[in-house]
Amino acid sequence: MAHVEVILPDGRTEQLHSGCPLSDVLHKGGSDLAGRVVAARLDGKAVGLSTVPPPGSRVELLPADSPDGLYILRHSTAHLMAAAVQALYPDAKFAIGPPVENGFYYDIDLPKPLPAEELPAVEAKMRELQAESLPFERVEMPLEEALRVMEGRGETYKVEILETIRRYGTSRPDAVEELKGEAETGGTVSLYQTGAFLDLCRGPHVPDTAFLRAFKLTHIAGAYWRGDEHRPMLTRIYGTAFPTAEALEQHLYRLEEAKRRDHRRLGRELELFSIEEEIGPGLVLWHPKGAIIRDVIETFWRKEHRRRGYQLVYTPHVARAHLWDVSGHLSWYRDYMFSGVEVEGQEYLVKPMNCPFHILIYRSQTRSYRDLPLRLGELGTVYRYERSGVLHGLLRVRGFTQDDAHIFCRPEQLESEVADVLELALPMLRAFGFSEYHLVLSVSDPNHMEKYAGSLEQWERAESALETVLEKSGMTFDRVKGEAAFYGPKIDVSLVDVLGRQWQCGTIQVDFNMPERFDLGYIGEDGKSHRPLMVHRALLGSLERFFGILIEHHGGAFPFWLAPVQVAVLPVSERHEPYAQEVADRLDAAGVRVEIDDRNEKVGYRIRHAEVTKVPYIGVVGDREVEKGLISVRERGRRERGAMPLEELIRELSEALYPPVPGPAL
RNA sequence: GCUGGCGUAGCUCAGCGGGUAGAGCAGCUGAUUUGUAAUCAGCGGGUCGGGGGUUCGAAUCCUCUCGCCAGCUCCA
């Protein structure tokens, strides 16, 4: 009799009699399996533990702390929550309830909105049901029968999903194309019954609710049915679940940590920036401390760009409507532009992008192939009308400064130019303390080449150039079809912050469209006119957004070279003030940003203040220091380092004034 | 833009069965002359986001509006 081979999470294998459900194996071998394993993988597909595998098959058990296991755990918790909601609000109608990155949600149509205060009641009901060890029972039935069942229950959303499945063979009509061929066939669907709650669901699920030990409902939000703003707004309840209470605790702690690092709060506390209602949403005031950091960033940025063969330019904030007409912005970007002003009968519009200006600089003279590549860079401030609901601190604003540049080059130069941009971008991000990146190559959708500007040949050439660069870089990247802009393929660079969050900052975009629109040319070696390629690129994205990310990444405790105040000098008492001044003057002369705190407070108070405002170095000077020309140094977050000669500190700090990774010279 | 929630001193918040506002921190003044994460005392500070309404009377009730927060959608 053929057995089934079961691979345990630790890699060992166990034999299972054929004809037995997988759950039988849980009580053999390691006794802790029953508590850890939530599902299994058979032929690459996740299945529930009640599955009876065919003889001779190999099955891999999925523990709750594996990515797939966690997904299933959360999915099952979403069902448990739905069951609780149904018990408390019998009129509720259920839409969809999937697991998501850090938890799960369920979209529910409730007769009246659920106040957040009622979440604990739902959670309590969940615990009640959880304790009953209700099984997740899988029922398969013909689609038509499932339709009748859901109609009978008044589950109009489930009915709609079933109708979609009937029509397209999948519950995701938007994904019909990509799912072609793998759509469900056979006309049967699966339902899962948990207590009184019955849900249309592909599964799999954990065997019973006892497996769901650590969960928490986190918040409520509205969400459109199928993400369509013209369809009903449902109540979305978010929650999260983990295999153990400790893991849940840890996750909640990380959320707290994110709150502590919130750049909006730190921005106020550290006096970095503000956004004032009187000025308008999404418009940023950089206060002196924030402005100093910006200045350091900009100086670094300019220096690195000049070294890499960029020429820096400045351009106006407004331009005639005609320019935006030629660039095409009026036809495809108008909704995002601030409305114009009329001057002398001419309409002027505020710039949402810098490219048309750089293009006109290019076009200001006849260019020869010898002039290329021409790299024009600018910290250009642009304004975009973003819908009010998307604004968020510095991360999404209406007025921002892009670290922009446009590279005009010959087609055969594209590859090396793109490689250079990456070689500039990554060390620069590293200098700010970001060492992990995520690269995405967005290419055209080969089935819809009609919607793109430029020729097929241009696209193939550009896409292969970008791909080659990425491959040569040795870094991993994702390749996404159909995500390219209509005007060309692109590479997006996201950085990963200290909490593991991804932020898209840099972008490198090839553009076949603008050179055409502005009729750009250069004289080639053959003496004839040719069309240059154009590359839009930003490394940090926008200074506002990058600053926001930087604040959160460092939790406001900026590395020394960026800190607005680098050294706080604290005279112990009034008679030490002249020496404190001398110390400050000498540090200042060495280029160190220093502040004397001679307030009428005890040293402890002023140290606390310097720590709270995250000053990296604190120098205390009293009788002992005055006498021997010393300074007592304390580094942020650490204990005292003791007294040292002032010279020594100056030498040490002078070396730390520049970013740690300046990158290779040109 | 949409749904829900929230706007009280610079910040964090209390007060809200309607009777013209309060704490802590911050700030200022004074005493103290301070040695590594908060010295003591005193003082000032709010047209309760803004407009309109109900009422003898509104921070509190209603309504419109602006802004913020969460989420959705969007993100060239």
Side-chain angles (χ1 to χ4, degrees), chain A residues 100 105 107 110 112-117 218-238 259 262 264-265 268-269 271 274-282 327-329 332-333 335-337 352-355 382 384-393 395-397 402 404 442 483-488 490 492 504 507 509 511 513-514 536 538 541-542 545 568 570-577 598-613 618-625 632-643:
Chain A
V100 288
Y105 66 80
D107 282 350
L110 292 161
K112 52 179 181 208
L114 183 77
E117 298 79 65
T218 51
H219 57 287
I220 290 185
Y224 301 108
W225 168 230
R226 298 217 148 142
D228 182 342
E229 62 182 289
H230 303 295
R231 310 198 64 176
M233 171 71 70
L234 308 173
T235 301
R236 173 170 295 181
I237 307 178
Y238 280 92
K259 222 183 260 177
D262 191 313
R264 294 167 296 186
R265 168 205 174 110
R268 187 172 51 235
E269 287 174 3
E271 300 170 63
S274 69
I275 296 170
E276 306 291 333
E277 191 176 335
E278 291 98 316
I279 296 171
S327 69
H329 285 85
W332 45 263
Y333 209 70
D335 288 351
Y336 287 94
M337 293 171 74
M353 294 186 195
N354 303 302
C355 26
V382 299
R384 297 181 186 175
Y385 167 69
E386 300 283 356
R387 295 166 95 193
S388 59
V390 306
L391 299 175
H392 180 89
L395 301 179
R396 198 75 184 271
V397 291
Q402 293 181 302
D404 208 0
S442 296
E483 278 302 297
F486 81 87
Y487 52 75
K490 62 173 179 176
D492 287 325
Q504 202 221 299
T507 186
Q509 311 184 347
D511 190 340
N513 184 240
M514 285 285 173
H536 309 248
S542 90
R545 182 178 157 80
L570 276 42
V572 171
S573 82
E574 236 168 273
R575 66 178 178 278
H576 310 114
E577 281 173 22
D598 56 4
R599 284 179 300 176
N600 187 1
E601 298 286 355
K602 290 164 91 167
V603 173
Y605 177 92
R606 287 175 283 156
I607 285 181
R608 179 182 146 75
H609 181 261
E611 288 282 354
V612 167
T613 55
I618 299 167
V620 177
V621 290
D623 289 334
R624 298 195 292 268
E625 289 76 17
S632 275
V633 175
R634 182 187 164 111
E635 274 181 67
R636 177 178 60 198
R638 298 180 211 170
R639 304 306 304 175
E640 322 166 42
R641 274 174 53 178

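Proteins get letters first, then strands, A, B, ... in listed order; numbering begins at 1 in each.
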Can you tell me the pairing partner of [N] across any strand shown, Watson-Crick or G-U wobble, with both distances under 3.5 angstrom?
{"N": "C2(B)", "answer": "G71(B)"}
{"N": "U55(B)", "answer": "none"}
{"N": "U33(B)", "answer": "none"}
{"N": "C48(B)", "answer": "none"}
{"N": "G24(B)", "answer": "C11(B)"}

[N] [atom2] sits how many Å from [X] [atom1], rounded?
{"X": "R634(A)", "N": "U36(B)", "atom1": "CZ", "atom2": "P", "answer": "10 Å"}
{"X": "E269(A)", "N": "U12(B)", "atom1": "CD", "atom2": "P", "answer": "9 Å"}
{"X": "D262(A)", "N": "C11(B)", "atom1": "CG", "atom2": "C1'", "answer": "15 Å"}
{"X": "D492(A)", "N": "C75(B)", "atom1": "CG", "atom2": "P", "answer": "13 Å"}
{"X": "E386(A)", "N": "C75(B)", "atom1": "CD", "atom2": "P", "answer": "10 Å"}
{"X": "K259(A)", "N": "A70(B)", "atom1": "NZ", "atom2": "P", "answer": "10 Å"}
{"X": "E611(A)", "N": "U36(B)", "atom1": "CD", "atom2": "P", "answer": "14 Å"}
{"X": "R387(A)", "N": "G1(B)", "atom1": "CZ", "atom2": "P", "answer": "8 Å"}

In whole Å, measure the gap between the [atom1] atoms of [N] and [M] for me.
{"N": "G10(B)", "M": "C62(B)", "atom1": "C1'", "answer": "32 Å"}
{"N": "C11(B)", "M": "C66(B)", "atom1": "C1'", "answer": "22 Å"}
{"N": "A23(B)", "M": "U3(B)", "atom1": "P", "answer": "40 Å"}
{"N": "C48(B)", "M": "C28(B)", "atom1": "P", "answer": "27 Å"}
{"N": "U20(B)", "M": "C16(B)", "atom1": "P", "answer": "13 Å"}
{"N": "C61(B)", "M": "U54(B)", "atom1": "C1'", "answer": "8 Å"}
{"N": "C13(B)", "M": "C69(B)", "atom1": "P", "answer": "14 Å"}

Counting only side-chain nitrogens and oxygens, does [X] get under 4.0 Å of the OP1 or OP2 atom of [N]?
{"X": "H392(A)", "N": "C75(B)", "value": "no"}
{"X": "Y238(A)", "N": "C72(B)", "value": "yes"}
{"X": "Y385(A)", "N": "C75(B)", "value": "no"}
{"X": "R268(A)", "N": "A26(B)", "value": "no"}

Pair S632(A)-E640(A), side-chain donor/acceptor within less than 3.5 Å: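 No - no donor-acceptor pair under 3.5 Å links their side chains.
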Looking at every non-hydrogen atom in both residues, tell me the closest pair between [X] and [Y] and how far apart they are.
{"X": "Y385(A)", "Y": "D335(A)", "value": "CD2-O, 3.4 Å"}
{"X": "R265(A)", "Y": "K259(A)", "value": "CD-O, 3.8 Å"}
{"X": "G282(A)", "Y": "L391(A)", "value": "N-CD1, 4.1 Å"}

Count the heavy atoms of every other residue, nucleotide or ligand shown that sit under 6.0 Å from CD of Q504(A), and state whether that count exceeds 12. yes
Would you say the side chain of [X] and the base of [N] hold a donor-acceptor pair, judged only by whether the two atoms sit under 3.5 Å apart?
{"X": "R608(A)", "N": "U36(B)", "result": "no"}
{"X": "S632(A)", "N": "G35(B)", "result": "yes"}
{"X": "E625(A)", "N": "G35(B)", "result": "yes"}
{"X": "R264(A)", "N": "C68(B)", "result": "no"}
{"X": "R396(A)", "N": "C75(B)", "result": "yes"}
{"X": "R606(A)", "N": "A38(B)", "result": "no"}

Candidate pair D623(A) and H576(A), rule side chain to side chain contact (heavy atoms under 4.5 Å, CB included), full reasoning: CA-CA 7 Å; D623(A) 289 334; H576(A) 310 114; 2.7 Å; yes
Check the pair D598(A) / R606(A) against salt bridge (charged side-chain N to carboxylate O under 4.0 Å, His left out), numbers first and verdict last. CA-CA 9 Å; D598(A) 56 4; R606(A) 287 175 283 156; over 6 Å; no
